[in-house]
Engineer: 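Can you read through this structure? Questions will come right after.
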Amino acid sequence: MAAASIFEQIQDYANRADPYPLYRELRKTPVVREADGSYVVSRYRDIAALVHDPRISSRRGALQGFIETDPPEHDKLRRTLNRHYGPPTTPDRIDRMRPELSEIVTGLIDRLVGRTEVDLVDDFAYPLPVTAICRLLGVPLEDEPRFHVWADALVQGLGPQAAGDEQARRGADDAWADLGRYFGTLIEAHREMPGQDLLSALVTDERTATVMSPAELQANASLLLFAGHETTVNLITNGMLTLLRHPATLERIREEPEYVIPTVEELLRYEPPVHFVSRTALDDIDIAGTTVPAGAHIYLALASGSRDPDHVRDPDLFDPDRHDPERFDVNPREGQHLGFLGGVHYCFGAPLARAETQIALTELARRLEHPRLLADPPPYRPNSALRGPRHLPVRFDRVRSAQELDTRQQVRAR
Ligand code: HEM
């Protein structure tokens with residue numbers, strides 16, 4: 001049997017806690033052809049160029065929302081959804097949501113009062129983004145047990161590990177169909193009795209139907225519910241894990257909440273939730289001297305690109321100060337990372353994910369007294385593409401009550 005390639009070793013669960021030395025190896029050959037004919041691109045500059053290259057496609061056949069469409073269709077769908085979501089055409093829905101996000105965070109931490117040990121995933125980092133996206137979209141939180149199962153099946157169908165896994169693919173297809181049917185019913189309910197939410201805004205806007213079929217609307221609503229699921233939870237959890245490994249930064253956020261802004265940017269670079277995305281070559285493409293043939297499957301190794309030493313100095317150093325604009329004279333692109341990718345598919349949920357994570361980390365820093373890790377490394381989720389801890393057991397001396405702290409201290413909007 002042939003020795004496992006570096007890319008195969010990255011998929012191996014034994015390397016989930018620290019894949020970064022393997023990414024360093026991977027970058028030595030910037031474009032690698034795997035045994036199954038797929039290609040892996042691992043340097044920052046090649047990935048950043050490819051996301052603007054019309055010769056690569058995000059299409060995967062089935063109707064899976066605008067994340068899997070190409071321009072010009074993609075841009076039309078995204079623009080329609082964006083009309084009710086963020087700038088430039090409306091006041092930013094996410095900025096307006098910040099007080100509500102703070103309330104959700106405070107409520108979740110209040111539930112920990114009296115305890116000295118928690119699993120930060122199940123008790124905090126998972127419920128937060130799910131509650132937030134449900135409020136934003138107008139999805140009843142009571143339905144979470146149903147869509148949780150579908151979201152799990154969808155994650156299993158994602159990433160390099162799922163390639164060739166028929167069972168995972170079928171499970172994901174079935175979950176996608178269930179989620180679509182669920183939204184079919186919900187969309188009708190919102191049409192009859194609209195609320196203040198994003199889904200109501202979309203279904204009551206006559207322009208939506210001119211751009212999206214009912215099936216496309218269902219698919220895009222499903223995408224929005226699902227996309228914020230296992231990504232934000234991992235950013236919050238990777239974030240707390242990193243801060244507990246770097247207590248001076250945690251302390252600084254406690255004293256200077258604004259410092260959470262560069263910290264979250266650095267987390268998106270240093271411990272990002274999304275490690276791989278998939279594309280297909282539409283034409284023969286020369287990438288760093290290798291010709292990737294038309295039709296080939298391409299993996300963009302985002303977490304590797306964000307730690308490329310040709311892009312950032314000391315890439316394995318966790319340093320929020322590198323996002324300080326005053327240091328940009330050294331390398332103006334230093335602050336850029338691939339955490340939300342770039343180009344036309346730049347993460348649609350980025351403002352929401354940033355707001356949630358900034359508020360979450362600030363409040364955890366303020367309210368948990370003397371927090372420390374109970375397991376390092378913690379147990380990880382199986383997926384190599386959406387990477388993060390499955391549990392994050394943490395101990396602390398006590399939870400400070402919200403009242404004893406200055407509750408007016410809020411993270412300013414970015
Ligand atoms: C920390 C949390 C998040 C991270 C790291 C993240 C990361 C990403 C990445 C890397 C992509 C590009 C995928 C590709 O092109 O293949 C993406 C796209 C997308 N994300 Fe996020 N995401 C996060 C949270 C969210 C949230 C909360 C939402 C929902 C509101 C969301 C909605 C989307 C959508 C709809 C796209 C597709 C955009 C397009 O194709 O134009 N994401 N995200």
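Quantities reported herein were computed from a predicted structural model and do not represent experimental measurements. Numbering of ligands and ligand atoms starts at 1, following listing order.
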Engineer: Give the residue and atom name of whichever protein heavy atom lies nearest to atom 34 (C) of ligand 1, and the separation in Å to one decimal.
Structural biologist: Phe348 CB, 3.6 Å
Engineer: Can you confirm if the NZ or CZ of Arg245 lies within 45° of the ring axis of Phe318 and under 6.0 Å from the centre of its six-membered ring?
Structural biologist: no
Engineer: When you check the gap from the basic side-chain N to the acidic O, do Arg27 and Asp310 get nearer than 4.0 Å?
Structural biologist: no
Engineer: Do me a favour and list the nearest non-hydrogen protein atom to atom 40 (O) of ligand 1 with residue, atom name and distance?
Structural biologist: His345 ND1, 2.5 Å
Engineer: Closer than 4.0 Å to some heavy atom of His74 - which atoms of ligand 1 meet that?
Structural biologist: 39 (C), 40 (O), 41 (O)
Engineer: Answer yes or no for Pro272: is there a heavy-atom contact with ligand 1 below 4.0 Å?
Structural biologist: no
Engineer: As a check for students: among Ala385, Cys347, Gly239, identify the option with a heavy atom nearest to atom 21 (Fe) of ligand 1.
Structural biologist: Cys347
Engineer: Just jot down the ligand 1 atoms closer than 4.0 angstrom to any heavy atom of Ala353, in number order.
Structural biologist: 1 (C), 2 (C), 24 (C)
Engineer: Using the six-membered ring wherever Trp is involved, compare the ring planes of Phe7 and Tyr299 and label them parallel, tilted or perpendicular (cut-offs 30° and 60°).
Structural biologist: tilted
Engineer: What is the closest protein heavy atom to atom 4 (C) of ligand 1, and at what distance does it sit?
Structural biologist: Phe340 CE2, 3.5 Å
Engineer: Give the contacting part of Arg78 toward ligand 1: side chain, backbone, both or neither, where contact means a heavy-atom distance below 4.0 Å.
Structural biologist: side chain
Engineer: Is it the case that Arg16 places NZ or CZ above or below the six-membered ring of Tyr380, under 6.0 angstrom from the centre and within 45 degrees of the axis?
Structural biologist: no
Engineer: With atoms numbered from 1 as shown, which atoms in ligand 1 lie under 4.0 angstrom from a non-hydrogen atom of Gly339?
Structural biologist: 5 (C), 7 (C), 10 (C)
Engineer: Considering Ile94, Leu224, Leu158, Asp70 one by one, which has a heavy atom nearer to atom 29 (C) of ligand 1 than any of the others?
Structural biologist: Leu224
Engineer: Just going by heavy-atom distances, which of Leu300, Ile67, Leu386 is nearest to atom 37 (C) of ligand 1?
Structural biologist: Ile67
Engineer: In plain terms, say whether Glu363 and Arg367 are close enough for a salt bridge, that is, a side-chain N and a carboxylate O under 4.0 Å apart.
Structural biologist: no
Engineer: Run the numbers for me: atoms of ligand 1, each under 4.0 Å from some heavy atom of Ile133, listed by number.
Structural biologist: 30 (C)
Engineer: For atom 27 (C) of ligand 1, what's the nearest protein heavy atom and its distance?
Structural biologist: Gly228 CA, 3.4 Å
Engineer: Hey, could you give me the OG1/CD distance between Thr237 and Glu230, rounded to the nearest 0.5 Å?
Structural biologist: 9.5 Å
Engineer: May I ask whether Ser58 places a heavy atom under 4.0 Å from ligand 1?
Structural biologist: no
Engineer: Under 4.0 Å from a heavy atom of Val344: which atoms of ligand 1 are those, numbered in the order shown and with their elements?
Structural biologist: 41 (O)
Engineer: Which residue and non-hydrogen atom of the protein lie closest to atom 28 (C) of ligand 1, and at what distance in Å?
Structural biologist: Gly349 CA, 3.4 Å
Engineer: Is it true that Asp122 and Arg390 make a salt bridge, defined as a side-chain N closer than 4.0 Å to a carboxylate O?
Structural biologist: yes
Engineer: Can a salt bridge be assigned to the pair Arg269 and Glu266 using a cut-off of 4.0 Å between side-chain N and carboxylate O?
Structural biologist: yes
Engineer: Let me know which of Arg354, Arg322, His323 forms a side-chain hydrogen bond (donor to acceptor under 3.5 Å, both in side chains) with Glu265.
Structural biologist: Arg354
Engineer: Can Leu243 and Leu364 be said to form a side chain to side chain contact (heavy atoms under 4.5 Å, CB included), step by step?
Structural biologist: CA-CA 11 Å; Leu243 293 178; Leu364 288 173; over 6 Å; no
Engineer: Could you tell me the separation between the CD atom of Glu356 and the CG atom of Leu101, rounded to the nearest 0.5 Å?
Structural biologist: 6.0 Å
Engineer: When you measure from atom 24 (C) of ligand 1 to every protein heavy atom, which one gives the shortest distance, and what is it?
Structural biologist: Thr231 OG1, 3.4 Å
Engineer: Under 4.0 Å from any heavy atom of Val277, which atoms of ligand 1 are there?
Structural biologist: 13 (C), 14 (C), 16 (O)
Engineer: Angle between ring planes, Tyr270 versus His246, binned at 30° and 60°: parallel, tilted or perpendicular?
Structural biologist: perpendicular
Engineer: Using a strict 4.0 Å cut-off to heavy atoms of Leu235, name the atoms of ligand 1 that fall inside it.
Structural biologist: 1 (C)
Engineer: For the CZ atom of Arg96 and the CD atom of Gln196, what is their distance to the nearest 0.5 Å?
Structural biologist: 9.0 Å
Engineer: Run the numbers for me: atoms of ligand 1, each under 4.0 Å from some heavy atom of Arg279, listed by number.
Structural biologist: 14 (C), 15 (O), 16 (O)
Engineer: Identify the protein heavy atom lying closest to atom 32 (C) of ligand 1, giving its residue, its atom name and the separation to 0.1 Å.
Structural biologist: Ala227 CB, 3.4 Å
Engineer: When you measure from the heavy atoms of Arg354 to every atom of ligand 1, does any distance fall below 4.0 Å?
Structural biologist: no
